[in-house]
Amino acid sequence: SFGKIITDPAAALPPEKVKEFVTAGHTDFEKTKQMLEETPGLLYATLDWGGGDFETALEGAGHMGNKDIANYLIEKGARTNLYVLTMLGKTELVKSYLDLFPNYLFARGPHGLTLLHHAQKGGEAAKELYDYFQSKGLKDTWLKL
């Protein structure tokens with residue numbers, strides 16, 4: 001048993017603060033660190049951009065290719081995903097997952113960006129994955145939401 005989950009709507013993070021943090025997570029390392037120190041719960045915050053497009057600060061760092069912010073957030077305990085792991089060049093993890101769930105190759109990440117986009121942003125560390133995705137038939141870096 002995991003125990004009872006208690007929610008308190010009055011304790012919800014303000015949407016403006018979540019948006020500021022997720023936006024900072026794309027490119028502003030110092031602001032990301034500062035905001036996380038002030039409000040640790042932001043680590044798990046997800047922004048709803050609308051239309052089914054959800055994003056965390058970690059995912060923002062992932063699709064921008066910002067390895068410093070991504071690694072920092074992961075070290076702090078952020079929930080990672082295949083897109084971020086792709087950008088970081090975690091080839092064995094990504095390939096193992098896709099061996100188990102091959103259709104995930106064509107899933108959409110934040111903003112409709114694909115695994116191929118994230119591999120492109122990962123540079124040399126993710127080149128093997130970039131080539132692998134293409135060999136498996138993934139040709140698009142963006143898929144419409």
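Remark: E124 does not engage K127 in a salt bridge, criterion side-chain N to carboxylate O under 4.0 Å.
Applying the ring pair (Phe, Tyr, Trp, His ring centres under 6.0 Å) test to every pair with at least one member in residues 20-48, sequence neighbours left out, gives these pairs: H26-H63, F29-Y72. Counting only residues at least two apart or in different chains, salt bridge (Lys or Arg N to Asp or Glu O under 4.0 Å) contacts with residues 56-66 are absent. The salt bridge (Lys or Arg N to Asp or Glu O under 4.0 Å) pairs that include a residue from residues 12-24 are E20-K31, where partners are two or more places apart or lie in different chains.
Other members of the cluster containing W142 are L113, with ILVMFWY side chains joined at under 4.5 Å, either directly or via other members. The hydrophobic cluster containing Y83, built from Ile/Leu/Val/Met/Phe/Trp/Tyr side-chain heavy atoms closer than 4.5 Å, also comprises L82, L85, L93, V94, Y97, L98, L100, F101, Y104, L105, F106, L115, L116, L129, Y130, Y132, F133, L138.
The CD atom of E37 sits 11.0 Å away from atom OG1 of T32, with the distance rounded to the nearest 0.5 Å. D68 contributes atom CG, which lies 12.0 Å from atom OG1 of T27 (distance to the nearest 0.5 angstrom). Atom OG1 of T46 is separated from atom CG of L58 by 10.5 Å, given to the nearest 0.5 angstrom.
Between L88 and I74 the shortest side-chain heavy-atom distance falls below 4.5 Å.
In this structure, the side chain of N81 engages the main chain of V84 through a donor-acceptor pair within 3.5 Å.
Residues A126 and A119 come closest through the heavy atom pair CB-O, 3.4 Å. The minimum heavy-atom distance linking V22 with A57 is given by the pair CG2-N, 3.8 Å. The two residues K67 and A125 have their closest heavy-atom pair at NZ-CB, 3.8 Å.
Under the rule for a side chain to side chain contact (heavy atoms under 4.5 Å, CB included), the partners of L143 that lie at least two apart in sequence or sit in another chain are R108, T114, D140. Taking K95 as the reference, E128 meet the salt bridge (Lys or Arg N to Asp or Glu O under 4.0 Å) condition, with sequence neighbours excluded. Residues forming a side chain to side chain contact (heavy atoms under 4.5 Å, CB included) with L13 (at least two apart in sequence, or on another chain): V18, T39, L42, A45. Partners of K121 by side chain to side chain contact (heavy atoms under 4.5 Å, CB included), not counting sequence neighbours, listed by chain and number: M87, H117. Judged as a side chain to side chain contact (heavy atoms under 4.5 Å, CB included), and not counting sequence neighbours, the contacts of D53 are W49, P110, H111, L145. Listed by chain and number, the residues in a salt bridge (Lys or Arg N to Asp or Glu O under 4.0 Å) with K136 amount to none (sequence neighbours excluded). Under the rule for a side chain to side chain donor-acceptor pair (under 3.5 Å), Q120 has no partner lying at least two apart in sequence or in another chain.
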Would you sort out whether T56 and R79 count as a side-chain contact (heavy atoms from CB on, under 4.5 Å), showing the intermediate values? CA-CA 9 Å; T56 64; R79 300 175 196 119; over 6 Å; no

